[in-house]
Amino acid sequence: MASDNPSAKRHKSSKDVPYELIYWPGIPGRGEHIRLALEEGGAEYTDTAHIDGGMDRVMSYIKGEKPDDDINTPGFAPPWLKHGDLVISQTPNILMYLGPRLGLVPANDAGDDHVYRVNALVLTALDGLSNEPHDCHHPIATGLYYEDQKPESKRKSDDYVKNRLPKFLGYFERVLQSKASGDGPWLYAGQLTYADLVLYQCLNGVRFMFPKAVAKYEKSGNYSRVFKLYEAVEQRPKIKAYLESDRRQKYSMGIYRYYEELDIEP
């Protein structure tokens, strides 16, 4: 299914095959940013989270058995995107590839300036609203269980919800107030980009992980544009249909986890 966005038609991919997302079954994780882009763009794709043998396919990439050619370098960790003979990893890198092809970056015949500005917004959201929340339940080492670092996790989470979370919410509120944001609820150039989808997913995860903190910041009114964007993404017809489907996986033991003792009110 092709995107109905006119920008997507101008950036039609030469690879006339479905996309393949290679990511862990059972958790939304970093693969969810890619799923939202593919869904909003109306792309045809397969997802190892929803096929028989999906875990085996993920492991074949982790072990270096795939890709088995002389053009693609081995990846370090999922997600991977396979499109034709191209295999790429790293969530922001994959989104930079998909964005122009799916009409999720403003068209720019003169160069790639738009995608770099959009990518900067994505990197900031992933830094402060994905990587830092993950470190709240694994502040010492990812190889240790949460139960092995609970005091440190409590201390990290306390600082995060009181200091770091409002810092990043405040940044995106400023972006939405800027002239570069344009008209409407979106971060850049007055149209939906994949940065909006990433910010939505990050905030959705943080809301699951720290519901008391997010509720308080939303109620404060200090970040009204951020939460307006959140609601606008959620009401996009294709996103809404996806969120209501069984393809949208529930949070569990991935990046965003709920622990009652970490649900701190700032």
Side-chain angles (χ1 to χ4, degrees), residues 21-36 47-50 54-55 58-59 62 76-80 89-92 94-95 122-169 172 197-219 223 226-227 230 233-234 239 242-266:
L21 174 62
I22 300 154
Y23 195 73
W24 302 109
I27 56 172
R30 293 174 179 86
E32 196 66 10
H33 302 290
I34 300 160
R35 293 186 186 101
L36 290 175
D47 184 347
T48 54
H50 299 295
M55 178 63 83
V58 174
M59 292 305 299
I62 290 174
F76 181 72
W80 284 277
S89 60
Q90 295 289 350
T91 299
I94 293 170
L95 291 170
V122 167
L123 293 171
T124 303
L126 293 176
D127 279 347
L129 300 171
S130 179
N131 295 337
E132 289 196 28
H134 173 271
D135 290 346
C136 286
H137 53 74
H138 277 76
I140 302 300
T142 57
L144 295 174
Y145 290 109
Y146 164 69
E147 288 73 18
D148 298 324
Q149 46 196 320
K150 289 178 73 172
E152 295 86 358
S153 295
K154 182 72 176 291
R155 187 177 179 185
K156 176 74 173 178
S157 297
D158 185 74
D159 176 70
Y160 180 76
V161 300
K162 293 177 180 177
N163 298 306
R164 301 297 290 170
L165 177 54
K167 184 180 183 72
F168 283 94
L169 291 175
F172 283 107
L197 302 177
V198 169
L199 181 56
Y200 167 81
Q201 174 57 24
C202 285
L203 190 53
N204 186 263
V206 172
R207 172 173 266 165
F208 172 80
M209 189 169 176
F210 299 115
K212 290 180 181 177
V214 172
K216 184 170 183 177
Y217 290 132
E218 183 174 12
K219 188 177 180 180
Y223 315 102
V226 172
F227 288 100
Y230 181 92
V233 169
E234 207 157 51
I239 297 297
Y242 168 69
L243 295 176
E244 293 173 351
S245 74
D246 58 6
R247 291 176 292 118
R248 170 73 167 185
Q249 299 172 95
K250 295 181 179 180
Y251 295 110
S252 54
M253 297 304 289
I255 297 169
Y256 302 108
R257 308 180 186 186
Y258 180 77
Y259 296 106
E260 185 176 2
E261 60 272 23
L262 302 185
D263 188 11
I264 299 164
E265 184 174 348

>> Just so I know, are the side chains of Trp80 and Thr48 near enough to count as touching, which here means a heavy-atom distance under 4.5 Å?
In response: no

>> Over 60° means perpendicular and under 30° means parallel, so tell me whether Tyr259 and Tyr146 are parallel, tilted or perpendicular.
In response: parallel

> Does some side-chain heavy atom of Glu132 sit less than 4.5 Å from a side-chain heavy atom of Lys167?
Replying inline: no

> Distance-only, no hydrogens or angles: does the Lys216 side chain make a donor-acceptor pair with backbone N or O of Pro266 under 3.5 Å?
Replying inline: yes

> Sequence neighbours excluded, which residues qualify as ring-ring contact (aromatic ring centres under 6.0 Å, His included) partners of Tyr200?
Replying inline: Tyr230

> Which atom pair, heavy atoms only, marks the closest approach of Ala125 to Cys202?
Replying inline: O-SG, 3.8 Å

> Arg164 side chain to Val161 main-chain N or O, any donor-acceptor pair under 3.5 Å?
Replying inline: no

> Taking the six-membered ring for Trp, is the centroid-to-centroid distance between Tyr256 and Phe208 below 6.0 Å?
Replying inline: no

> Heavy atoms, side chains only, cut-off 4.5 Å: are Phe227 and Val214 in contact?
Replying inline: yes

> Does Leu129 reach the side chain of Leu203, with side-chain heavy atoms less than 4.5 Å apart?
Replying inline: no

>> Counting C-beta onward and ignoring hydrogens, is there a side-chain heavy-atom pair between His50 and Gln249 closer than 4.5 Å?
In response: yes

>> Using every non-hydrogen atom in the two residues, find where Met55 and Pro25 come nearest and quote the distance to one decimal.
In response: CE-CD, 3.9 Å

> Without hydrogens or angle criteria, can the side chains of Tyr23 and Asp47 be said to hold a donor-acceptor pair below 3.5 Å?
Replying inline: no

>> Is it the case that the side chain of Asp263 and the backbone of Lys212 share a donor-acceptor pair, with hydrogens and angles ignored and the cut-off at 3.5 Å?
In response: yes

>> Looking at Gln90, I'd like to know if its CD atom is crowded, meaning that more than 12 non-hydrogen atoms belonging to other residues, nucleotides or ligands lie closer than 6.0 Å.
In response: no

> How close do His33 and Leu126 get, heavy atom to heavy atom, and via which atoms?
Replying inline: NE2-CD2, 3.5 Å

> Does the side chain of Arg248 reach to within under 4.5 Å of the side chain of Glu32, using non-hydrogen atoms?
Replying inline: yes

> Hey, are the side chains of Tyr160 and Ile264 touching, using non-hydrogen atoms and a 4.5 Å cut-off?
Replying inline: no

Listing, residues 134-141 side-chain donor-acceptor contacts under 3.5 Å, not counting sequence neighbours, or none:
| residue | atom | partner | partner atom | Å |
| --- | --- | --- | --- | --- |
| His137 | ND1 | His134 | O | 3.4 |
| His137 | NE2 | Ile255 | O | 2.7 |
| His138 | NE2 | Leu144 | O | 3.1 |

>> So which atom in Pro133 and which in Val206 form the shortest heavy-atom distance, rounded to 0.1 Å?
In response: CG-CG2, 3.9 Å

>> With a 6.0 Å cut-off (strictly less than), is the heavy-atom count around CZ of Arg155, excluding the residue itself, greater than 12?
In response: no

>> When you compare the side chain of Ile27 with that of Ser252, does any pair of heavy atoms fall below 4.5 Å?
In response: yes

>> Looking at every heavy atom in both Asn131 and Arg30, which two are closest together, and how far apart are they?
In response: OD1-NH2, 3.8 Å

